[in-house]
Amino acid sequence: MQNYKITLLKGDGIGPEIVDQAVKVLDRAADKFGFTVTYDEALLGGCAIDATGVPLPDETVAKCKASDSVILGAVGGPKWDNQPGNNRPEAGLLGIRGALGLFANLRPSVIFGPLKSASPIKDDIIGDNMDIMIVRELTGGIYFGERGRGDDCAWDTEKYSVAEVERIARVAFDLAMKRNKKLTSVDKANVLESSRLWRETVIRLSAEYPEVELNHMYVDNCAMQLVRNPKQFDVIVTSNIFGDILSDEASMIAGSIGMLASASLSGGKLGLYEPIHGSAPDIAGLGIANPLATILSVAMMLRYSLAQPEAAQAIEDAVSEVLKTNRTPDIYEEGMNKVSCEQMGDLVCQML
Ligand code: IPM
Ligand code: MG
């Protein structure tokens with residue numbers, strides 16, 4: 001029987017509670033689809049700072065590298081807000097992305113039918129099946145460029161090489177081929193030299209994908225178009241910082257940031273899977289967090305890293321079904337059963 005080794009980085013705040021539910025669902029899927037999973041835990045973020053003094057201990061990187069994939073909860077919280085610049089929990093997150101070479105971040109923004117009314121955007125604008133895939137470059141650009149401080153100034157550098165743009169664009173073109181064959185490349189080529197290189201490179205690569213309809217959009221226009229007419233998008237490919245901002249915006253259009261999953265891929269099998277929301281320290285330990293984004297991240301892991309597409313689909317279907325009548329407080333609506341984090345995990349398992 002196929003066995004997968006998964007490293008759990010539960011992290012801070014609600015991280016541990018949501019990861020526990022995701023593990024439960026993964027175990028249930030393993031039973032049903034005939035594979036096994038063994039787990040190892042490692043520290044990342046604030047909990048790692050508390051235990052070892054640094055947000056990303058070497059041992060964590062080693063454990064992740066030795067596994068088939070990684071599930072991450074969330075990192076950060078007010079407790080570590082006053083840590084000096086590079087010793088914050090977030091530095092651990094950037095560090096693990098870099099150390100594992102996770103250059104491609106997939107952030108799907110999909111509407112779950114029963115949650116349509118949770119979107120702040122009007123029904124007719126969202127349509128019935130909004131499904132946008134944001135492909136965010138994750139190990140380059142201003143997040144990893146040279147930075148510094150002078151006496152009364154500070155700087156961060158946006159720099160991209162042709163090879164970095166090509167490899168992320170290739171991921172996006174390949175995804176577009178499997179979806180509706182439409183790709184929007186987002187940049188700021190009217191101002192930034194790095195964006196002009198980005199655009200030229202994407203255009204050059206497009207010759208290899210004649211079936212994909214490619215268009216280019218400035219990031220400010222894209223931010224506006226996402227709320228004006230989200231239906232026009234299929235796959236969006238963009239830089240690290242633009243992808244950070246646009247994916248938060250797109251998540252809200254889909255109703256709740258508590259619902260959205262993500263995959264960070266390295267080009268090989270190893271991936272890191274995490275909800276796109278944060279550690280929500282204000283509700284940590286209350287048992288009311290929404291575990292669905294993490295559960296849906298497990299579905300993405302089964303699809304992109306573990307080659308178990310049926311199990312992935314079954315989890316996504318189970319989540320849709322459960323949502324028809326059950327809600328955690330963040331997505332609660334009149335007439336539904338209000339359930340806890342743990343009950344939500346149990347319901348998805350039962351539906352599976
Ligand atoms: C994200 C987060 C991170 C980012 C932070 C926590 C460093 O906002 O994953 O989108 O900016 O990449
Ligand atoms: Mg972000």
Side-chain angles (χ1 to χ4, degrees), residues 9-15 18-19 22 43-49 54-56 60 64 70-109 132-145 147 156-160 164 168 186 219 222-223 226 236-254 256-266 271-282 284 289-290 293-294 296-297 300-301:
L9 306 174
K10 294 184 175 179
D12 310 316
I14 59 171
I18 55 180
V19 170
L43 297 171
L44 179 77
C47 59
I49 296 176
V54 293
L56 176 60
T60 297
C64 291
V70 181
I71 301 174
L72 169 63
V75 299
K79 181 174 174 196
W80 304 281
D81 270 352
N82 297 321
Q83 291 284 122
N86 57 359
N87 209 38
R88 295 172 57 99
E90 291 83 354
L93 187 55
L94 299 188
I96 193 85
R97 288 172 180 169
L100 301 181
L102 304 168
F103 69 89
N105 186 213
L106 276 41
R107 297 192 164 184
S109 215
I132 302 174
M133 176 68 88
I134 297 187
V135 179
R136 169 188 177 193
E137 200 292 325
L138 202 59
T139 51
I142 201 164
Y143 274 65
F144 288 83
R147 61 182 108 253
D156 302 272
T157 321
E158 174 85 352
K159 179 176 174 187
Y160 270 110
E164 283 174 312
I168 191 68
V186 174
V219 63
C222 182
L226 273 170
I236 292 176
V237 64
T238 192
S239 66
N240 206 337
I241 187 134
F242 295 162
D244 177 46
I245 299 164
L246 294 176
S247 61
D248 265 31
E249 185 188 0
S251 75
M252 196 61 223
I253 299 170
S256 167
I257 197 163
M259 288 298 301
L260 294 185
S262 80
S264 301
L265 308 175
S266 62
L272 180 146
Y273 297 83
E274 59 174 315
I276 83 161
H277 61 70
S279 61
D282 52 321
N290 182 350
T294 318
L296 292 166
S297 298
M300 288 190 90
M301 178 176 84

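Remember, it's 1-based here, ligands and their atoms both numbered in the order they're listed. On a predicted model such as this, the values are computed, not experimentally measured, just so you know.
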- Would you mind listing every side-chain hydrogen bond (donor to acceptor under 3.5 Å, both in side chains) that reaches into residues 93-106, with sequence neighbours excluded? Asn105-Arg107, Asn105-Ser264
- Query: Which heavy atom in Ala250 sits nearest to a heavy atom in Ile134, and how many Å separate them?
  - Reply: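 That would be CB-CD1, 3.8 Å.
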- Message: Within the 4.0 Å heavy-atom shell around Arg136, which atoms of ligand 1 are there?
- Response: 1 (C), 4 (C), 9 (O), 10 (O), 11 (O), 12 (O)
In Å and rounded to the nearest 0.5 Å, what is the [atom1] to [atom2] distance from [X] to [Y]?
{"X": "Leu44", "Y": "Asp12", "atom1": "CG", "atom2": "CG", "value": "8.0 Å"}
{"X": "Ile18", "Y": "Glu274", "atom1": "CD1", "atom2": "CD", "value": "9.5 Å"}
{"X": "Leu106", "Y": "Ser297", "atom1": "CG", "atom2": "OG", "value": "11.5 Å"}

- Per-residue contact class, Arg107 against ligand 1 - non-hydrogen pairs under 4.0 Å: side chain
- Item | Part of Arg97 with heavy atoms under 4.0 Å of ligand 1, whether side chain, backbone, both or neither | side chain
Of the protein's non-hydrogen atoms, which lies at the shortest distance from [atom], and what is that distance?
{"atom": "atom 10 (O) of ligand 1", "value": "Asp244 OD1, 2.9 Å"}
{"atom": "atom 6 (C) of ligand 1", "value": "Glu90 CG, 3.7 Å"}
{"atom": "atom 11 (O) of ligand 1", "value": "Tyr143 OH, 2.6 Å"}

- Message: According to salt bridge (Lys or Arg N to Asp or Glu O under 4.0 Å), who are the partners of Asp248, at least two apart in sequence or on a separate chain?
- Response: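 Expected list: none.
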- Message: Just checking: Asp244, one of its N/O/S atoms, less than 2.8 Å away from the Mg ion (ligand 2), yes or no?
- Response: yes
